[in-house]
Every structure is written in structure tokens, then in C-alpha cells.
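Some notes on the structure that comes next.
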Amino acid sequence: MKNRTLGSVFIVAGTTIGAGMLAMPIAAAGNGSLVSLVMLFALWALMCYTALLLVEVYQHESYETGIGSVAQRYLGSGGKFITGFSMMFLMYALTAAYVSGAGEIITSNLKSSFAIEMADWMGIVIFTVIGGGVVCFGTSSVDFINRILFAAKIVFLVIILALMMPHVEQQNLLSAPTEKVLILSAIPVFFTSFGFHGSVPSIVKYMGGNVKKLRIIFIIGSAIPLIAYILWQIATLGSIDTTTFVGILAENSGLNGLLDAIRNVVMSGRTEFIAQMFMSLALATSFLGVALGLFDFLADLFKRQDNMSGRLQTGLLTFIPPLVFALFYPKGFVMALGFAAIALSILALLLPSAMAFKSRLTNDKKYQVKGGAPALFIVFVCGIIVIGVQFGIAFNLLPNIG
Ligand SMILES: N[C@@H](Cc1ccccc1)C(=O)O
């Protein structure tokens with residue numbers, strides 16, 4: 001692939017803009033738009049910062065090293081174990097969610113568009129084989145397919161925004177938060193929406209460890225989702241009135257409730273199709289990025305070779321477990337996703353700050369992210385806060401709005 005920098009920006013942005021975005025408006029409804037905007041900026045800055053910390057740490061490694069091995073070097077076996085556990089927990093659960101969501105869409109579309117009847121499990125298997133094939137083939141093929149899908153995803157997003165923006169009313173945007181405690185509960189949803197960090201090592205490897213380009217990739221790759229999310233917040237919070245959101249929350253009708261509300265706002269039969277297309281593309285691009293990250297992680301962990309038979313073995317390790325979960329125990333990964341913010345907080349906040357701290361103590365000074373030890377400390381504390389909030393939700397101390 002020519003211009004790997006551009007392709008990598010799209011892989012990062014494509015992985016980031018995913019299912020989390022759809023959950024955002026409901027989580028944000030209790031915030032009021034001002035708090036939501038502040039939260040978006042703060043989380044973007046945080047997540048972009050820690051991706052740069054990972055780039056900083058990677059300068060002192062061979063660019064092919066997996067994150068598990070890097071964690072071992074700086075944080076010992078315990079660090080490696082926690083990293084590996086969080087990585088597998090998060091990335092397997094996300095992959096299972098993506099294959100099951102995409103599989104369902106394949107099955108229902110083949111039925112409605114081509115009158116082809118097939119069982120749900122067949123759609124899941126078809127998607128896993130095709131998507132898994134692309135990932136096993138290599139990062140270049142992920143790059144190629146992702147460019148097409150990401151471009152299409154942006155087109156559909158622009159159409160949705162264009163349909164909704166004329167219905168935005170100032171008074172909806174000015175309404176104040178309903179309940180302050182909801183703001184805390186929104187944090188894990190917003191936080192997870194900015195996640196892509198499991199794929200950082202794959203991008204480092206793809207770019208041959210070029211620090212200058214990697215910095216551009218992670219800054220722009222995370223800024224694209226920020227812009228998309230800001231516009232999405234304005235469109236949804238501005239056009240759907242607060243009472244509707246309160247209804248969605250009270251009935252717990254989640255995504256379907258949101259889609260109904262959007263349909264009522266736009267009053268066009270095409271909304272359904274456009275929203276469906278956007279959602280499918282969001283699933284597919286996030287799948288590619290996440291599965292790529294998981295694949296490279298497992299190849300490093302199990303020391304599989306980078307040749308055909310090695311990649312096939314890694315492919316089986318990557319896709320069989322999520323496939324089994326999606327087919328036989330969907331409850332398992334849905335439950336795991338409830339803790340996604342905790343695993344992500346370990347991977348994207350605690351781990352990068354701890355590793356950068358250690359690396360600065362032992363390595364010669366090369367590129368160093370600004371902010372010094374105080375910034376690392378703040379990142380670490382943010383990580384603890386996210387984990388605390390998520391546990392609070394899990395144990396019903398805080399309302400669950402996901
Ligand atoms: N940001 C992705 C989820 C994700 C989290 C962590 C790593 C990769 C992906 C989404 O909103 O769907």
C-alpha cells in the first residue's frame with residue numbers, strides 16, 4: 001500500500017469510531033451539552049496523550065515487539081500478565097461483539113434483499129471467515145479494505161448529520177443536566193468510545209517505528225473521531241428533546257429507542273437504511289482494527305512465525321475463541337463488555353503512564369512527550385477514576401445508562 005501514513009490514520013479513526021458512538025447520545029442526555037463537550041475534549045486529549053506515550057516507549061524497542069514483551073521489560077512478569085489479561089479480555093470481547101453484530105446484519109439483509117433464508121450462525125461464520133481472512137493476510141490488506149469501508153462510513157455519517165442538523169434547536173442544547181450523578185455514569189461510555197490502544201503496536205510495526213509519522217497518525221487519527229463525536233452530539237442532543245431521552249432512559253430501550261427518536265425527527269423512510277449502513281460500516285472498520293491488534297498481540301505472545309503457516313495458526317488463535325463465544329455463549333461477551341472500560345483503562349492509561357515512567361528512568365533521552373512526571377501521574381489517577389466509576393456502576397452504586 002502506498003502512503004501507509006494515511007492508511008494508518010484511517011485504521012486508527014476506523015477502529016475508534018464504533019459501537020460506542022451509538023451509545024453516546026443516551027449516555028450524554030443527562031449531561032447537558034456543555035458537560036458533554038468538555039468531556040469529549042478531555043477524553044480525547046487523554047487518549048491521544050497516552051498513544052503518544054506508547055510511541056515514546058516503543059522508540060527503545062524493535063518495532064516488531066509486541067506490547068506483552070514491552071510490558072515484561074518495564075514492569076516484570078506481573079505487568080506482562082495484567083497487560084495480557086486486559087488485552088485478551090477486551091479484544092476478544094470486542095471481536096465477539098463485532099462478529100455477532102455483523103453476522104446478524106448479514107443474515108437479515110440476505111433475507112430481506114435476496115430472500116435467502118439462513119440460520120443466524122451462518123451469517124456470523126461468513127463474516128468471521130471473510131473478515132478474519134483479510135486480517136490473516138496482513139496489515140496491508142487490512143489497510144486496503146479499511147480505506148474503502150472507512151470512506152463509505154464517513155459518507156453515511158455526513159448524510160445522517162445533514163439530515164439531522166436542520167432540526168437542531170438551540171433550546172435543546174441549552175437544557176441543563178437532569179441529574180448530576182448521571183455525569184459520572186457517562187464517563188465509561190465516552191471513555192471507551194475513544195479507545196483504539198490495543199492496535200497501537202500493530203501501527204508501530206506497520207510504520208517501521210517511524211516516530212515522526214506515528215505522532216501525526218495518532219494525533220490526527222484520534223482527532224477525526226473527536227470531530228465526528230462533537231457533530232454527532234450536537235445533532236442528536238440538539239434535535240431530540242430532553243423528554244424523549246428521559247423516556248428512552250426510563251424504558252431502557254437503548255439503541256432502538258435512539259433510532260426511533262432519530263426517525264421521528266427526520267421523518268424520512270431512508271433514515272433506517274442510512275443508519276443501518278453506517279452501523280454496519282462502523283462494526284466492520286472497528287472489527288478490522290481490533291482484530292489486527294489482537295492478531296499481532298497473540299503472534300508475539302505465542303511466538304508464531306510471520307509466514308503462511310504461522311499466520312494461519314495465529315489466525316485460529318485470534319478468531320476461534322470469539323467465534324465460539326458469539327455462537328454458543330453470547331451472554332459471556334456481553335457481560336465482559338460491561339467491564340470493557342476497566343480493561344481499556346489498564347491498557348490505555350495505567351500501562352502507558354507506568355511504562356513511560358520506567359522507560360524515562362532507564363533509557364537515553366530521545367523523543368519525550370511533554371508534561372513530565374506530573375502529567376504521567378495525572379494520567380494514572382484518571383485511570384484509577386475510570387476503574388472506580390465502572391465498578392460503581394457494576395455494583396449499582398451509580399446508575400447504569402449504557
Ligand atoms: N472505540 C471503539 C471500542 C474500542 C475500545 C478499545 C479498543 C478498540 C475499540 C468503539 O467505540 O466501538
Side-chain angles (χ1 to χ4, degrees), residues 8 10-28 39-40 43-44 46-48 50-51 54 67 83 85-102 105 131 135 142 146 149-150 153 157 186-203 218 221-230 232-233 236 254-255 258 278-297 318 322 333-334 336-352 383 386-387 390 402:
S8 300
F10 287 171
I11 293 178
V12 171
T15 309
T16 310
I17 305 179
M21 177 171 153
L22 302 168
M24 245 183 203
I26 303 166
M39 216 186 249
L40 285 177
L43 287 171
W44 165 71
L46 189 64
M47 296 301 250
C48 179
T50 59
L54 288 173
I67 192 79
T83 306
F85 183 80
S86 316
M87 186 84 180
M88 292 211 260
F89 184 89
L90 178 68
M91 306 294 262
Y92 272 135
L94 285 169
T95 309
Y98 296 142
V99 298
S100 104
I105 292 175
V135 174
V142 171
N146 185 68
L149 299 179
F150 183 75
K153 173 161 100 172
L157 179 60
I187 291 178
V189 176
F190 275 56
F191 172 69
T192 314
S193 302
F194 278 104
F196 62 85
H197 296 61
S199 315
V200 169
S202 303
I203 302 290
F218 291 121
S222 62
I224 294 174
L226 173 67
I227 296 168
Y229 293 168
I230 291 175
W232 175 238
Q233 291 288 323
T236 48
L255 190 55
L258 179 71
F278 174 73
M279 241 187 283
S280 319
L281 290 162
L283 284 181
T285 51
S286 283
F287 167 84
L288 286 176
V290 167
L292 176 69
L294 182 59
F295 184 97
D296 285 338
F297 170 77
T318 309
F333 74 77
V334 173
L337 284 178
F339 296 95
I342 296 180
L344 183 60
S345 171
I346 294 173
L347 280 181
L349 302 178
L350 303 186
L351 181 71
V386 172
I387 293 176
Q390 184 67 63

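Position 1 is the first residue of the sequence, and the numbers go up from there. Only heavy atoms go into these numbers, but all of them, side chains included; no hydrogens, no water, no symmetry mates. Numbering of ligands and ligand atoms starts at 1, following listing order.
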query = Can an N or O of Thr16 be found at a distance shorter than 3.5 Å from an N or O of ligand 1?
reply = yes
remark   = Looking only at protein heavy atoms, what sits closest to atom 4 (C) of ligand 1 is Gly195 O, 3.5 Å
ask   = Does any N or O atom in Gly20 lie less than 3.5 angstrom from one in ligand 1, N or O only?
value = yes
key: Exceeds 12 heavy-atom contacts within 6.0 angstrom, atom OH of Tyr92   = yes
task = Would you check if Ile26 and Val189 make a side-chain contact, meaning some heavy-atom pair closer than 4.5 Å?
result = no
message = Closer than 3.5 angstrom, by distance alone: can the side chain of Tyr98 be matched with the main-chain N or O of Ala291 as a donor-acceptor pair?
response = no
note = For Ala28 and Gln233 the tightest heavy-atom approach is CB-OE1, 3.3 Å
Side-chain polar contacts of residues 194-201 - donor-acceptor pairs under 3.5 angstrom, sequence neighbours left out - could you list them?
from, atom 1, to, atom 2, distance (Å)
His197, NE2, Met47, O, 2.9
His197, NE2, Thr50, OG1, 3.1
Ser199, OG, Gly289, O, 2.9

task = Please identify which atoms of ligand 1 are closer than 4.0 Å to at least one heavy atom of Phe196.
result = 7 (C), 8 (C)
note = Tightest non-hydrogen contact, residues Ile17 and Thr285, listed as O-OG1, 4.3 Å
request  = Using a 4.0 Å heavy-atom cut-off, say whether Leu344 meets ligand 1 through its side chain, its backbone, both or neither.
outcome  = side chain
key: Atom indices of ligand 1 within 4.0 angstrom of Val290 heavy atoms, with elements   = 8 (C), 9 (C)
task = Could you establish whether Ser193 and ligand 1 come within less than 4.0 Å of each other, counting only heavy atoms on the residue side?
result = yes
task = For Gly18, take its heavy atoms, then give the atoms of ligand 1 lying under 4.0 Å from any of them.
result = 10 (C), 11 (O), 12 (O)
request  = Identify the two heavy atoms, one from Met21 and one from Ser193, that lie closest to each other, and give their separation to 0.1 Å.
outcome  = N-OG, 4.0 Å
key: Mode of Tyr98 contact toward ligand 1 - side chain, backbone, both, neither (heavy atoms, under 4.0 Å)   = side chain
ask   = Do any nitrogen or oxygen atoms of Leu94 lie less than 3.5 angstrom from nitrogen or oxygen atoms of ligand 1?
value = no
query = For atom 12 (O) of ligand 1, what's the nearest protein heavy atom and its distance?
reply = Ala19 N, 2.9 Å
key: Thr15 and Leu292, any side-chain heavy atoms less than 4.5 Å apart   = no
message = Considering both backbone and side-chain atoms of Thr192, is one of its nitrogen or oxygen atoms within less than 3.5 Å of a nitrogen or oxygen in ligand 1?
response = yes
ask   = What are the two closest heavy atoms between Phe333 and Ala97, and how far apart are they?
value = CE1-CA, 3.4 Å
ask   = Which ligand 1 atoms does Thr15 reach within 4.0 Å, using its non-hydrogen atoms?
value = 1 (N), 2 (C), 8 (C)
